[in-house]
Colleague: 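Could you have a look at this structure, given as structure tokens, before my questions?
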Amino acid sequence: MSFSSLDLDQNLLSAVSELGYDEPTPIQLEAIPAILDHQDIMAGAQTGTGKTAAFALPILHQLSAVNYDSTPEVKRPIRALVLAPTRELAQQVHKSFVQYGANTPLRSALVYGGASINTQIEQLNSGADIVVATPGRLLDLMSRGVADLNEVQSLVFDEADRMLDMGFIDEIRKILKKVPSERQTLLFSATFDQAIFDLSKTFLNDPKLIEVDARNTTATQVEQMVYEVDADRKRELISHTIGSKNWQQVLIFTRTKQSADLLASEMTKDGIKTKAIHGDKSQGARERSLEEFRQNDIRALVATDVAARGLDIPDLKYVINHELPFNPEDYIHRIGRTGRAGNTGLAISLLSAGENYILEEIEAILDTKLPQQWLEGYEPDLTKPAPVSRKNTRTAQKRRAKERAFGKKPSRNKGNKR
Ligand code: AMP
């Protein structure tokens with residue numbers, strides 16, 4: 001099915017074609033007609049599925065349909081608001097609105113913390129049809145009287161699960177008090193749990209549920225692999241693999257800022273140009289490192305989960321989990337950085353003694369077992385006593401909550417499969 005059959009404004013179709021999109025992705029095929037039909041939607045879609053265009057295109061279409069005065073002197077009201085959990089995601093969504101709306105007079109403003117508020121005030125004062133914002137900075141601008149949300153018709157929660165994980169619920173409630181109740185609300189989330197359903201019950205009006213992939217499954221184009229290795233040899237294995245296979249662009253995840261910094265500096269000593277991004281780095285430093293990574297000026301980027309949220313690195317092929325995340329849903333987000341928009345990817349996770357329970361949680365939520373291997377020369381030393389594994393039931397509880405929310409009979413606990 002082609003984009004032209006989606007009943008979108010010609011100016012949007014031409015922008016999409018200039019970007020080289022041949023046909024809509026599954027989420028776009030489902031979401032665009034529903035949004036054009038003025039329905040609220042709740043969509044389960046990871047980054048990489050084309051979800052941004054799935055909401056940006058119909059919003060731009062709706063905004064174009066109203067003939068507002070497009071002369072620069074006339075300030076137009078904010079009619080669409082997109083809330084995103086991180087600066088990086090907000091930047092990407094804004095960029096998408098700019099690209100898709102390139103042939104329209106519509107303007108998008110980007111609002112996020114850690115950057116000059118004065119520039120953002122100027123942008124808003126000169127009029128924006130669309131505002132893409134992280135919640136904290138938007139509230140700040142609202143309290144200064146610069147962001148008036150009285151005329152918002154479309155509200156999008158992007159990566160709603162992460163917004164809740166990051167504790168933005170109070171900010172969301174405050175923002176929603178200032179948005180008209182007569183509006184269209186679109187919620188996108190990579191994962192669903194009870195908190196998301198609670199949010200949807202409060203803020204969405206009889207939403208259409210859209211799921212393109214099975215919930216909580218990883219993109220099928222990503223090959224996943226687990227290497228068992230001693231903890232103190234993980235860095236060596238990573239540098240060896242990148243060097244011997246001549247990988248040029250590798251995204252590596254750690255659990256903490258400290259291990260991100262340490263790993264980046266040790267890999268650089270190994271001769272692999274590496275930088276780290278995490279919450280303690282300034283916004284400017286994070287953006288510079290990202291750009292160097294995108295441009296292949298550095299070979300590896302080490303990131304914590306928060307810093308990597310929403311990153312779009314076209315054609316990224318390799319993701320390595322130096323440490324598995326404690327939150328299994330972060331695993332899905334991490335490996336979703338590769339295998340995007342139809343490309344294939346490889347995600348390698350390093351597992352050392354005592355970490356099996358983390359892998360089990362991930363496997364339970366994916367409902368699959370990940371293949372495990374030993375890499376020659378890096379076999380774990382089995383003579384070392386293994387730390388005692390912690391029993392965990394959180395994943396099973398979450399799964400049952402989800403099943404209840406979807407009206408299914410809760411299944412038996414299969415969280416501890418081995
Ligand atoms: P997203 O899931 O919105 O982060 O999009 C992931 C990537 O897919 C972005 O680089 C988009 O530019 C690209 N993309 C979105 N829709 C399409 C499409 N229909 N065809 C090809 N690429 C697309």
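Position 1 is the first residue of the sequence; numbering continues from there. In listed order, ligands and their atoms are each counted from 1.
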Colleague: Between Q373 and Y378, does any side-chain donor sit less than 3.5 Å from a side-chain acceptor?
Modeller: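 Side-chain D/A pair, Q373 to Y378: absent.
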
Colleague: Can a salt bridge be assigned to the pair K208 and D40 using a cut-off of 4.0 Å between side-chain N and carboxylate O?
Modeller: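 No, this pair does not count.
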
Colleague: Counting each atom of ligand 1 from 1 as listed, which ones have a heavy atom of T52 under 4.0 Å away?
Modeller: 1 (P), 3 (O), 4 (O)

Colleague: Knowing that exactly one of L139, V152, D170, L155 qualifies, which makes a side-chain contact (heavy atoms from CB on, under 4.5 Å) with I175?
Modeller: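 The side-chain contact (heavy atoms from CB on, under 4.5 Å) with I175 is passed solely by L139 among L139, V152, D170, L155.
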
Colleague: If hydrogens are left out, which of K95, K51, Q92, E23 has an atom nearest to atom 19 (N) of ligand 1, that is, the closest non-hydrogen atom?
Modeller: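 Nearest option to atom 19 (N) of ligand 1, by heavy atoms: E23.
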
Colleague: Could you tell me if the ring centre of F188 sits under 6.0 Å from that of F157?
Modeller: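 Ring-ring flag for F188/F157: false, centres at least 6.0 Å apart.
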
Colleague: Which residue from Y21, F188, F55 reaches closest to atom 18 (C) of ligand 1 through any of its heavy atoms?
Modeller: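 Considering heavy atoms of Y21, F188, F55, the nearest to atom 18 (C) of ligand 1 sits in Y21.
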
Colleague: With heavy atoms of F3 as the reference, note each atom of ligand 1 found under 4.0 Å away.
Modeller: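 Those of ligand 1 that fall under 4.0 Å from F3 are 19 (N).
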
Colleague: So that I can tick it off, tell me whether R255 and D305 are bridged by a salt bridge, with the cut-off set at under 4.0 angstrom between side-chain N and carboxylate O.
Modeller: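 No, this pair does not count.
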
Colleague: Taking distance alone, with N or O pairs closer than 3.5 Å, would you say G50 contacts ligand 1?
Modeller: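 Yes - when backbone and side-chain N and O of G50 are compared with those of ligand 1, one distance drops under 3.5 Å.
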
